[in-house]
Structure formats: C-alpha cells, structure tokens
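Computation of the quantities below employed the complete heavy-atom set of this structure, encompassing side-chain atoms and omitting hydrogens, waters and symmetry-equivalent molecules. What you see is a predicted model, and the numbers here were worked out from it, not measured in a lab.
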Amino acid sequence: MKVIVAGSGGREHAISYRLALSEKIDEVICVPGNGGTEFEKKCRNIEPESDVPFIEAFVAIAKREQADFAVIGPEDPLAEGIADALWDAGIPTVGPKSKGAALEASKDLSKVFMEKYGVACAASATFTDKDKALSYVREKGAPIVVKADGLAAGKGVVVAKTLAEAEKAVEDLMSGNAVGEAGKKLVIEEYLQGVEISVLAAVSVNPDKPEAACIKPFLPSRDHKRLLDGARGPNTGGMGAVSPLSDVTEETMKSFEEHILKPTLKGLVAEKMDYRGFIFFGLMITKDGPKTLEYNVRLGDPETQAVLPLMDFDFADLCLSIIDGTLPQFQMKWKKGFQVAPVVVSGGYPLKYAKGKPIKLDKAKIDAAHAKVFIAGAIKDRRANDGTLITSGGRVLACSCFGETFDQAWSAAYSAISGITFDGAFYRKDIGLPGAAESN
C-alpha cells in the first residue's frame, strides 16, 4: 500500500516513520516532509506547487501517486477542509472533516460543545466586544485565562496571574496585534489549579455507522511548554515530552473516560460529525478530577514523538481501523517502559532566531542510546552532497529514547542529545523530572 502524509514537522516525521515500519506499507509520500523524512526508509518527499492552494495541490499529488489513504498531521488544513476534499476525490483519510475540525479551530464552538454534552471543563464566557471582556475580567479578578477563539499556532492563550496581565492580554489579542484575526473573539475561562497532561486518542465516528463509533485513548503524556528548566520562561510550542506518567493514577484515567471521553464521543455522534482521525485532550488534573482545557483535532507535537515509539502494534493497521470502522475491535498493546523526548531548539526561540545552521550528529553516541531523532525544523543542505541537515525553524528536532524505567529512558535521551550540536542549539535539561511540569 501507498500512504500520503500532510505536514512538515516532528509530528509528521514520527507518523511517517511509524507508517513505514508496517509490512503493509510500500511507500510513504510526505508532502512536503522535512529533512528527517527525506532520509527515512520507504519515505519520499514531494514539494507541492507553490502557486496552488495547498489542499488542491495535495489532492492532486495523492491522486497522481495513487495513494491508498492519507494521514493529515497539522490542524490548519483540517480546518480548511482537506479531509472533505480527499474523501470527495475517493481517497480515504485519517483526519476529521471540517465540521469536526472546528472543535480546534474555534475555542468558542468547542466550549459550547463541551457544555452541551456535559464534558468536564472550566467555566467560561465568550466576547467579541473588548469593553465587555475587560469588564468581565475585572469582575472575576485574577488569576484568569484569556484565549483567542481561532487557530493561533499555540500563541493564543494567556494564563494571567494578575489583573494587569489579563487586561493586557485582552487588549493585545482583540487589537489583532498578537495573533491577528484569531483574537477578534475571546474565550475567558476560570483558572484551574492543578497539573497539565495530554491524552492522545484514535477516533472513528462515521455518521453512516453510528453503532461503530469509538474513541480509544493512548498512554497519557506530558508536554513541557516553558522554555527554561523548572517550567520557567516564555511559552513555546513544546520543549519535550514524556510518556507514560507516573503521577497519573488509574482512578484519574477512569474519571477521564467517564466525564470527558464518553461525553465527547456522545457529542460527536449526536452532531453527526464525520470524525475519523485523532483527537488530543489537553487536561488539567485538579483536586476535583480531570478537566478539559482544549481539544486538538490531531496528534500533539511533541507528544507524538514520545507516544508513538511506545506502540507495540502496527500503526498502519490502526489508521485503517479508524477509516473502516473496526476501531472497537482493534487491540492496542504498549511497550512496558517509558519514552523521554527532549527537544532541541534554535538560539533565540521562541522569538527571533537564525536559520541555516549545519547540524552535527554523533551517530555512535545516538546509536549507543538507541535513540530515534525526529526532525522538525531542519532540511537537507542542498549545497552539500553528504546528507548534512541545516536548521530551518525554531524547534529543530526531538531526541526520543526508550527505557524499561523512567531513569533509563531519561539517561539515554540526554546521553544521545549531547551528541547533537549546531550553533545556538539549546535544550531543557529536566524533561520529565519532578518540578519540570507546568502547574497552576
């Protein structure tokens, strides 16, 4: 079989890598892919036409390459209807159609959905008028959470610890200076006390087969968003991830399934959403149990780089079960152990940073740790003929390692990552350690 994958980040490298491991898959077409997928076995990058809208170009490539199915990595094309277009073209797709993708594209819509179907979440109010939003935060006081309604690449959420911070967040977001049009509508939420976790899950909801509707969660994971050790510094797209989590109890996961997963599935079916893909539950574990912070309508990044390597089953088979409605019968088995995946970023990230820095990989050190390096912001240096990669983004790569114990996984990851260098390279030294997790 031939599969086509949309996206160019570390998540998409991990997806492509896992698909390529399947004996059922002959080739993985990565559009556009990156410097990691360029050298991955059974993977081939194709750059879409720059003067053609991405969805149109992607569908054309999928048809030309006679792809048996597609997997969509990022949220933007999902919100814009890429799954709808692919299904219309006769190409089965792992990724929700646009109606389901709106659960991430609009935080207001997702909150309405949660409240309608009884999904445990923070209390909130939505505003399109700046003065009313400011009056609300002054009435409620701080701490409080201010969120841009639309897609903002992880930059549209402000956890305001003071009233002054909350007022500034409202001003910045609604003025359009912070995240453009995404901030013209705001969702303002109560501040939840607790620690954050992520639960990725497979979803198969076909309006034509409601009886086969299913959500199956993966192992819980944690993304470390702050730039600096000890959960300090500015928010980023993610400085590393770990899975599973020793501080997440069986009782917590049962509460999650009862009060979040089940009502979410009920809502997807009731709303007749064609949602065959993945969902990301961003959760806060509070004294009253888990509460939903957000839905993402795809796999998380960098959580994917920590969770997918723990799969002790064929990822392509999982994707096919999502498409054909046999997910309820699919058996997920997981490796007994831990995965730690710290991220290496460019100097200056998440603000201004340089690109084009050659990356040196100490293969002996990486191989000794049995590490898998998932490339995100790096491309092949076209000026060199030796396969050298150069940086092309802020988050450059993740170094993912397995261990039977957390300590073994952590030591392996940091041994391997010390063999990865480029000018300005930076990474946190505490991914997965006590005190490293973001908490409110």
What I'd like to find out is whether the side chain of [X] reaches to under 4.5 Å of the side chain of [Y], using heavy atoms alone.
X    : Y    : value
F281 : N296 : no
D108 : K185 : yes
V158 : V145 : no
E12  : V71  : no

Any salt bridge linking [X] with [Y]? Criterion: basic side-chain nitrogen under 4.0 Å from a carboxylate oxygen.
X    : Y    : value
E196 : K291 : no
E189 : K111 : yes
E65  : R44  : yes
K147 : E294 : no
K380 : E47  : no
R298 : E104 : yes
K262 : E258 : yes
K99  : D84  : no

Is the backbone N or O of [Y] less than 3.5 Å from a side-chain atom of [X], with the two atoms forming a donor-acceptor pair by type?
X    : Y    : result
S243 : V307 : no
K357 : I390 : no
S400 : Q305 : yes
R11  : T304 : no

More than 12 heavy atoms from other groups under 6.0 Å of [atom1] on [X]:
X    : atom1 : answer
K266 : NZ    : no
K63  : NZ    : no
K168 : NZ    : no
E49  : CD    : no

If you compare all heavy atoms of [X] against all heavy atoms of [Y], which two are closest, and at what distance to 0.1 Å?
X    : Y    : value
G238 : D223 : CA-OD1, 3.3 Å
A70  : L86  : CB-CD1, 3.9 Å
I322 : G277 : CG2-N, 3.4 Å

(request) Please say whether the positively charged group of K132, taken as NZ for Lys or CZ for Arg, lies over the ring of Y136, i.e. under 6.0 angstrom from the six-membered ring centre and within 45 degrees of the axis. (result) no

(request) Using the six-membered ring wherever Trp is involved, compare the ring planes of Y17 and F374 and label them parallel, tilted or perpendicular (cut-offs 30° and 60°). (result) perpendicular

(request) Check the angle between the aromatic planes of F278 and F315 and answer parallel, tilted or perpendicular using the 30° and 60° thresholds. (result) parallel

(message) Give me each pair satisfying side-chain hydrogen bond (donor to acceptor under 3.5 Å, both in side chains) with a member in residues 342-352, each pair once, sequence neighbours excluded.
(response) none

(message) Could you check whether F280 and Y295 have their ring centres less than 6.0 Å apart?
(response)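 Ring centroids of Y295 and F280 are no less than 6.0 Å from each other.
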
Which pairs would a plain distance check flag for residues 206-220, meaning a side-chain donor or acceptor within less than 3.5 Å of a matching protein atom at least two apart in sequence or in another chain?
| from | atom 1 | to | atom 2 | distance (Å) |
| --- | --- | --- | --- | --- |
| N206 | OD1 | D208 | N | 2.9 |
| K216 | NZ | L327 | O | 3.4 |
| K216 | NZ | P328 | O | 3.3 |
| K216 | NZ | F330 | O | 2.4 |

